[in-house]
Engineer: 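Sending over a structure as structure tokens; questions will come in a sec.
The chains referred to below are lettered A, B, ... by the order of the sequence lines, with proteins before strands, and numbering in each begins at 1.
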2 protein chains.
Amino acid sequence: MVLPNKPVRGSTSGVPIMALFDLLGQRWNLRLMWELRQGPKTFRGLQSACGGVSPSVMNGRLKMLSEAKLIVQSDQGYTLSPLGAELMDELDPLRGWAKKWASEIGTKA
Amino acid sequence: MVLPNKPVRGSTSGVPIMALFDLLGQRWNLRLMWELRQGPKTFRGLQSACGGVSPSVMNGRLKMLSEAKLIVQSDQGYTLSPLGAELMDELDPLRGWAKKWASEIGTKA
DNA sequence: AACAATGCTTCTATTTTCGTAGCACAACAA
DNA sequence: TTGTTGTGCTACGAAAATAGAAGCATTGTT
């Protein structure tokens, strides 16, 4: 259970940002939330949006993100909670940074 | 090798932000960079800052982050590259969000 | 009744991560 | 010269996380 004020991997302090890093540092969590930005998605919809994550892992993540109150389930499927949506807003500028990163690295596909 | 414009887990598009998520979604990467915000750290210094990550994993991460040009090695130890420092600046507002998150969740240690 | 879609669970296999130990090199001290 | 200390790592077995495929129960539709 990864929540703020709880000790997490590599930090017993429970400092909120560390809990966040521990949560986001688990594969798919960030991506899952990102895919929910534009609105609700079903379990299978999310799965395919993420390129076929295995359902067992995804289910675990969905539970974890629900406990952390970052997503909620509605009759439309899974959605960001208001809190989760705010987090995604904070992350939005990363799109710009990532483009710059790509161009400065100059990687060819 | 996780770089922008390269296909990554769950996305063959090579869209920069996906590469970023794949990179940051690997354990310790985000935390390692975060610990470098305030200046250079030695290998072992970084290791203990992160609560004793195993050196083999950490070494792998350091290589990965170097390839991605987010960190560099100086005689002072490992440091953020200008690009990496910019990323951390973008992430800085998360501190505020995380506090709010903690208070709204109301978790007791 | 048959079909399709949804939200999962279960299983095994592979990959990642952890944790400890230790090596090779450099700087310094005795 | 011989320690000792600090550094950046590598090696290796064990544990945990992730992947991938299959399938089940429920709901709704035809």
Engineer: I'd like to know if the side chain of A/Asn29 and the backbone of A/Leu23 have a donor-acceptor N/O pair within less than 3.5 Å.
Structural biologist: yes
Engineer: Looking at A/Arg31 and A/Glu35, is there a salt bridge between them, counting it only when a charged N and a carboxylate O are closer than 4.0 Å?
Structural biologist: yes
Engineer: Could you encode protein contacts along nucleotides 13-30 of chain D as a string, one character per nucleotide from 5' to 3', using B for base contact, S for sugar-phosphate-only contact and - for no contact, with a heavy-atom cut-off of under 4.0 Å?
Structural biologist: -----SBBBB--------
Engineer: Please list, in 5' to 3' order, the outermost nucleotides of DNA chain C lying under 4.0 Å from any heavy atom of chain B.
Structural biologist: C/dT17 to C/dA21
Engineer: So, A/Arg61 side chain and A/Arg27 main chain: donor-acceptor pair closer than 3.5 Å or not?
Structural biologist: yes
Engineer: Heavy atoms only, 4.0 Å cut-off, all strands: where does A/Lys41 land among base, sugar-phosphate and nothing?
Structural biologist: nothing
Engineer: How is B/Gln47 classified with respect to the nucleic acid when contacts are heavy atoms under 4.0 Å: base, sugar-phosphate, or nothing?
Structural biologist: nothing
Engineer: Quick check: does any side chain N or O of A/Ser81 sit under 3.5 Å from a backbone N or O of A/Leu70, one acting as donor and the other as acceptor?
Structural biologist: yes
Engineer: Just by distance, do the side chain of A/Ser48 and the backbone of A/Gly51 share a donor-acceptor pair under 3.5 Å?
Structural biologist: no
Engineer: Any sub-3.5 Å donor-acceptor pair from B/Trp101's side-chain atoms to A/Leu20's backbone N or O?
Structural biologist: no
Engineer: Using modelled atom types only, decide if a donor and an acceptor are shared between the side chain of B/Arg95 and the backbone of A/Pro16 within a distance under 3.5 Å.
Structural biologist: no
Engineer: Going by ring-ring contact (aromatic ring centres under 6.0 Å, His included), name the pairs with one or both residues in residues 16-36 of chain B, residues two or more places apart or in two chains.
Structural biologist: A/Phe21-B/Trp34, A/Trp34-B/Phe21
Engineer: Using a cut-off of less than 4.0 Å, is there contact between a side-chain N or O of B/Thr42 and OP1 or OP2 of D/dG6?
Structural biologist: no
